[in-house]
Amino acid sequence: MATAHRTEHDFLGEREISNDCYYGVQTLRALENFPITGIPISSVPELIWSLAQVKKAAALANMELGVLPNGIAAAIVAACDEIIAGKLHDQFPVDVIQGGAGTSTNMNANEVIANRAIEILGHKKGEYKYCHPNNHVNCSQSTNDAYPSAFRIALHQKLSCLISCMQYLQKSFAAKGTEFSDVLKMGRTQLQDAVPMSLGQEFSAYATTIGEDIERVREAQKLVLEINMGATAIGTGINSPPEYTRIVTEHLRTLTGIPVVTSANLIEATWDTGAYVQISAVLKRVAVKICKICNDLRLLSSGPRCGLNEINLPPLQPGSSIMPGKVNPVMPEVVNQITYAVIGADLTVTLAAENGQLELNVMEPVIGYSLFNSVSMLCNGFHVLADKCIDGITANKEHCRAMVLNSIGIVTALNPIIGYENSAAVAREALASGRSVYDLVLEKKLMDKALLDEVLSTENLMHPRFIAGGKA
């Protein structure tokens with residue numbers, strides 16, 4: 001009968017490993033040492049994919065340079081291909097937050113790939129004389145170049161996903177901008193009536209601001225194209241052969257389709273986390289601006305009887321366990337909360353980046369967790385906001401128009417014609433008496449009815465064209 005366990009060792013001693021596991025003793029120690037979040041690195045499939053690509057590129061480069069025997073290199077490549085195709089991801093259980101600068105993640109990958117390569121070579125898991133996690137899978141590498149390079153490739157993929165999700169949300173806002181182009185409403189500054197606009201203009205502005213942030217994410221994404229493969233421990237390239245850096249980077253470009261390049265200074269690149277600080281800041285910018293939009297949606301839909309009530313959000317669920325009929329703006333609320341988490345994660349990234357010492361920043365695991373988690377939450381939030389909220393918004397057109405015509409703010413449109421002093425006097429009297437600006441202007445004979453109707457027409461209020469003297 002086959003034994004249910006195998007014995008593995010590292011320089012700290014021996015441990016029993018279940019034969020069901022492709023990972024080995026160092027991964028087991030990490031599981032015991034870091035029960036932190038309960039979230040395994042396999043929850044970020046892009047990272048597992050990227051780790052396999054890095055190990056495959058290294059094996060190909062080492063084989064090309066004659067450092068790794070062809071048979072072992074081919075088995076490593078075959079094992080990596082399986083992981084790239086989505087297999088064995090459950091064998092990456094190490095917690096996303098860990099001590100050791102990512103060593104546990106790197107060794108998790110090395111052990112899984114080694115044991116699968118051993119099977120491909122016709123042997124049993126743990127028979128490391130045929131393919132060793134350190135000697136073969138980790139050949140010409142250190143955690144300090146393999147892990148950050150995989151992290152950057154994975155982050156590049158995640159940011160591409162974020163861009164797609166932002167475009168999806170932008171499209172929903174743009175469609176509403178077109179749909180609501182003829183809905184006259186009152187614009188507001190400092191929560192006070194300002195001047196008229198269209199609801200379509202308001203929603204089109206939301207689409208525009210998302211578009212601006214898409215460009216900022218694209219710019220930030222380019223920062224992770226610089227990798228430090230070949231740096232090994234601290235950037236000097238110790239234990240890697242000449243030409244390895246160039247060749248492994250070329251393989252990574254081909255394998256991933258991502259135009260990675262070697263950093264100009266590998267020692268600097270091994271400790272520098274500035275790219276993550278900038279990317280995190282861009283994510284915070286995205287979060288802050290979408291949070292503002294969600295706040296607007298909650299205000300515009302407030303009521304329905306005692307609030308602004310200019311728009312209706314889709315009713316998704318009962319809003320109260322005690323107040324019958326109450327429906328809450330749950331989609332903007334959940335996206336608000338996502339943005340708060342992203343803003344908080346930015347501080348985590350900042351502190352972790354600042355706390356690197358000398359030739360390495362050991363805090364990259366929490367930086368990775370923070371960035372991956374922020375991007376995932378934003379992506380999920382943007383999709384549900386578009387699908388369950390924006391696409392189903394309707395406008396209370398007549399209510400919006402009535403508020404405009406009853407507003408003191410429309411006197412601003414008369415300012416070029418009757419002058420500031422007369423406009424201020426009309427506004428003051430309208431506010432004190434409760435009478436309309438329209439009636440007071442006619443009563444005081446400041447304008448004739450035809451011109452007043454033209455100036456206060458829907459088209460002129462949404463797209464002003466009158467200048468001083470009442471000329472169009």
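- Of the inter-residue distances, the one linking F203 atom CZ with S181 atom OG reads 13.0 Å to the nearest 0.5 angstrom.
- Between R216 and E212 there is no salt bridge, since no side-chain nitrogen of the basic residue lies less than 4.0 Å from a carboxylate oxygen of the acidic one.
- The nearest pair of heavy atoms linking D95 to P35 is OD2-C, 4.4 Å.
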What do the steps show when you test E226 against T262 for side chain to side chain donor-acceptor pair (under 3.5 Å), and what is the final call?
CA-CA 6 Å; E226 283 194 12; T262 301; over 6 Å; no

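- Considering all non-hydrogen atoms of both residues, C294 and L385 come closest at SG-CD2, 4.0 Å.
- Without hydrogens or angle criteria, N62 side chain to L68 main chain gives no donor-acceptor distance under 3.5 Å.
- Using modelled atom types and a 3.5 Å distance limit, the side chains of Q53 and H251 yield no donor-acceptor pair.
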Tell me, with the steps shown, if N110 and K55 meet side chain to side chain donor-acceptor pair (under 3.5 Å).
CA-CA 8 Å; N110 289 335; K55 299 300 176 180; 2.8 Å; yes

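- With hydrogens and angles left out, the side-chain atoms of R298 and N336 include a donor and acceptor closer than 3.5 Å.
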CA sep, side-chain torsions, deciding dist, call: I214, Q167, side chain to side chain contact (heavy atoms under 4.5 Å, CB included)
CA-CA 8 Å; I214 288 171; Q167 290 170 331; 3.6 Å; yes

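- Side-chain contact between N396 and E310 is absent, with no heavy-atom pair separated by less than 4.5 Å.
- Inspection of the T27 and E111 side chains reveals an N or O donor paired with an N or O acceptor under 3.5 Å.
- In this structure, L313 and M331 have side chains that are not in contact, with every pair of non-hydrogen atoms separated by 4.5 Å or more.
- Interatomic distance, SG of C139 versus CE of M63, reported as 12.0 Å (0.5 Å rounding).
- Proximity of a side-chain donor or acceptor of T209 to a complementary backbone N or O of A205 within less than 3.5 Å is not detected.
- Expressed to the nearest 0.5 Å, how far CD1 of I279 lies from OG of S370 amounts to 13.0 Å.
- R6 places a side-chain N or O within 3.5 Å of a backbone atom of S18 that can act as its donor or acceptor partner.
- Shown here for T143 and P148, the closest heavy-atom pair between the two residues is O-CD, 3.2 Å.
- Annotation: side chain of D10 is not in contact with side chain of R15 (no heavy-atom distance under 4.5 Å).
- Using a 3.5 Å distance cut-off with no hydrogens or angles, the side chains of Q141 and T232 do not pair a donor with an acceptor.
- Note that CG of N309 is 8.0 Å distant from SG of C400, once rounded to the nearest 0.5 Å.
- When atom types are taken as modelled, the side chain of N108 and the backbone of S104 share no donor-acceptor pair closer than 3.5 angstrom.
- Using modelled atom types and a 3.5 Å distance limit, the side chains of K129 and N135 yield no donor-acceptor pair.
- Between W49 and T256, the closest side-chain pair of non-hydrogen atoms falls below 4.5 Å.
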Can you check side chain to side chain contact (heavy atoms under 4.5 Å, CB included) on R152 and Y276, steps first, answer last?
CA-CA 9 Å; R152 286 177 172 243; Y276 307 135; 3.3 Å; yes

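- Here the closest heavy-atom approach between residue A58 and residue Y244 is recorded as CB-OH, 3.5 Å.
- Counting non-hydrogen atoms of other residues, nucleotides and ligands closer than 6.0 Å to CG of N239 gives a total of 12 or fewer.
- Defined by atom type and a distance below 3.5 Å, a donor-acceptor pair is missing between the side-chain atoms of N228 and D145.
- Residues R29 and E8 are not paired through a salt bridge, judged by the lack of any N-O separation under 4.0 Å between the basic side chain and the carboxylate.
- With hydrogens and angles disregarded, a donor-acceptor distance shorter than 3.5 Å links the side chain of S198 to the backbone of Q201.
- The CG atom of D182 sits 9.5 Å away from atom CG of L199, with the distance rounded to the nearest 0.5 Å.
- Ring pair F151/Y147 is tilted by interplanar angle, where 30° to 60° counts as tilted.
- Within the 4.5 Å cutoff, the side chain of M107 has no heavy atoms near those of the T105 side chain.
- The two residues I41 and F92 make their nearest non-hydrogen contact at CG1-O, 3.5 Å.
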Determine, stepwise, if the pair V366 / V96 fulfils side chain to side chain contact (heavy atoms under 4.5 Å, CB included).
CA-CA 7 Å; V366 77; V96 289; over 6 Å; no

Stepwise, does the side chain to side chain contact (heavy atoms under 4.5 Å, CB included) test hold for T394 with I311?
CA-CA 6 Å; T394 58; I311 62 173; over 6 Å; no

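- T350 places a side-chain N or O within 3.5 Å of a backbone atom of D346 that can act as its donor or acceptor partner.
- Within 6.0 Å of NZ on K388 lie no more than 12 heavy atoms contributed by other residues, nucleotides or ligands.
- Using a distance-only test at 3.5 Å, with no hydrogens or angles considered, no donor-acceptor pair links the side chain of T339 to the main chain of C291.
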Would you sort out whether E16 and T7 count as a side chain to side chain donor-acceptor pair (under 3.5 Å), showing the intermediate values?
CA-CA 5 Å; E16 295 293 306; T7 301; 2.5 Å; yes

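- Residues I210 and I290 meet the side-chain proximity criterion, which asks for heavy atoms closer than 4.5 Å.
- For the pair N361/N355, no side-chain contact is recorded, criterion being any heavy-atom separation below 4.5 Å from C-beta on.
- When atom types are taken as modelled, the side chain of H399 and the backbone of L308 share a donor-acceptor pair closer than 3.5 angstrom.
- Side-chain polar atoms of Y128 and N115 form a donor-acceptor pair below 3.5 angstrom.
- Within 6.0 Å of CG in L12 there are more than 12 heavy atoms belonging to other residues, nucleotides or ligands.
- Atom NZ of K125 is surrounded by more than 12 heavy atoms from other residues, nucleotides or ligands within 6.0 Å.
- A donor-acceptor pair is defined here as one N or O able to donate and one able to accept, closer than 3.5 Å; no such pair exists between the side chain of T249 and the backbone of R246.
- Of the inter-residue distances, the one linking F173 atom CZ with S204 atom OG reads 11.0 Å to the nearest 0.5 angstrom.
- Nearest approach of L121 to A75, heavy atoms of both residues: CG-CB, 3.6 Å.
- Between E82 and R116, some side-chain heavy-atom pair lies under the 4.5 Å cut-off.
- Looking at E364, its side chain never comes within 3.5 Å of a backbone N or O of A101 through a donor-acceptor pair.
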